[in-house]
Amino acid sequence: VQLQASGGGLVQAGGSLRLSCAASGLTFSAYNMGWFRQAPGKEREFVAGIGWSTASTYYSDSVKGRFTTSTDNAKKTGYLQMNSLKPDDRAVYYCGASRLVDVTSRNYDYWGQGTLVTVSS
């Protein structure tokens with residue numbers, strides 16, 4: 001099983017980025033994809049999640065209305081579209097796969113390597 005996250009970078013406040021997470025080796029319909037982030041000195045926190053088979057989405061309050069998660073099942077890739085970025089969004093972003101609809105990182109089975117998002121003010 002492999003999750004490959006990409007798309008991070010430097011953006012000005014108010015700008016946008018799209019993160020991608022390419023997955024392989026999974027039975028996709030059995031999993032949900034979650035996006036988490038970890039800022040320096042802080043714990044990993046849930047950002048957004050989506051069911052591969054249901055396409056049901058869920059978001060943390062801090063990103064609701066600004067971030068959108070989606071999947072392309074043909075490409076076996078998940079996405080996190082991030083708009084109206086704020087300096088507080090600066091973190092390493094991780095994608096993960098879980099059999100449960102879950103906002104708790106410890107319940108995730110697989111993780112990508114993380115991609116850094118930096119937002120300048």
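Considering only heavy atoms from C-beta on, Pro40 comes within 4.5 Å of Arg90 through its side chain. Contact check for Thr69 versus Tyr59: side-chain heavy atoms found under the 4.5 Å cut-off. Put simply, the side chain of Cys95 reaches to within 4.5 Å of the side chain of Leu3, judged on heavy atoms. Residues Ser29 and Thr27 are in side-chain contact: their nearest non-hydrogen atoms beyond the backbone lie under 4.5 Å apart. You'll find the side chain of Trp52 stays beyond 4.5 Å of the side chain of Asn32, heavy atoms only. Between Phe67 and Gln81, the closest side-chain pair of non-hydrogen atoms is not below 4.5 Å.
Ring geometry, Phe46 versus Tyr58: the interplanar angle falls under 30°, so the pair is classed parallel (tilted spans 30 to 60°).
Among all heavy-atom pairs drawn from Ala5 and Thr115, the shortest one is CB-CG2, 4.4 Å. The two atoms that bring Met33 and Gly78 nearest to each other are SD-CA, 3.6 Å, heavy atoms only. Nearest approach of Val103 to Phe36, heavy atoms of both residues: O-CE2, 3.5 Å. A pairwise comparison of heavy atoms in Lys75 and Thr77 identifies O-OG1, 2.9 Å as the closest pair.
A donor-acceptor pair under 3.5 Å links the side-chain atoms of Ser98 to the main chain of Leu100, judged by distance alone. Thr54 contributes a side-chain N or O that, together with a main-chain N or O of Ser56, makes up a donor-acceptor pair within less than 3.5 Å.
Trp111 and Leu116 fall within a single hydrophobic cluster, where Ile, Leu, Val, Met, Phe, Trp and Tyr side chains are chained together by heavy-atom contacts under 4.5 Å. Hydrophobic cluster membership differs between Tyr108 and Trp35, with clusters built from Ile, Leu, Val, Met, Phe, Trp and Tyr side chains linked at under 4.5 angstrom.
One distance of note links CG of Leu10 with OG1 of Thr118; it measures 6.0 Å at 0.5 Å rounding. The CD atom of Glu43 lies 10.0 Å from the CD atom of Glu45; values are rounded to the nearest 0.5 Å. Between atom OG of residue Ser120 and atom CG of residue Leu85 there is a gap of 10.0 Å, rounded to the nearest 0.5 Å. Rounding to the nearest 0.5 Å places CZ of Arg66 at 7.0 Å from OG of Ser84. Between atom OH of residue Tyr93 and atom CE of residue Met82 there is a gap of 5.5 Å, rounded to the nearest 0.5 Å. Distance check: Tyr31 OH to Leu26 CG gives 5.5 Å after rounding to the nearest 0.5 Å.
Salt-bridge formation is not detected for the pair Asp89/Lys86: no Lys NZ or Arg NE/NH1/NH2 atom is positioned less than 4.0 Å from an Asp or Glu carboxylate oxygen.
Looking at Ser16 and Asn83, their side chains do bring a donor and an acceptor atom within 3.5 Å of each other.
A cation-pi contact, defined as under 6.0 Å to the ring centre and within 45° of the axis, is absent between Arg37 and Tyr94.
Paired with Val117 under the rule side-chain contact (heavy atoms from CB on, under 4.5 Å), one option of Val92, Leu80, Leu19 passes, and it is Leu19.
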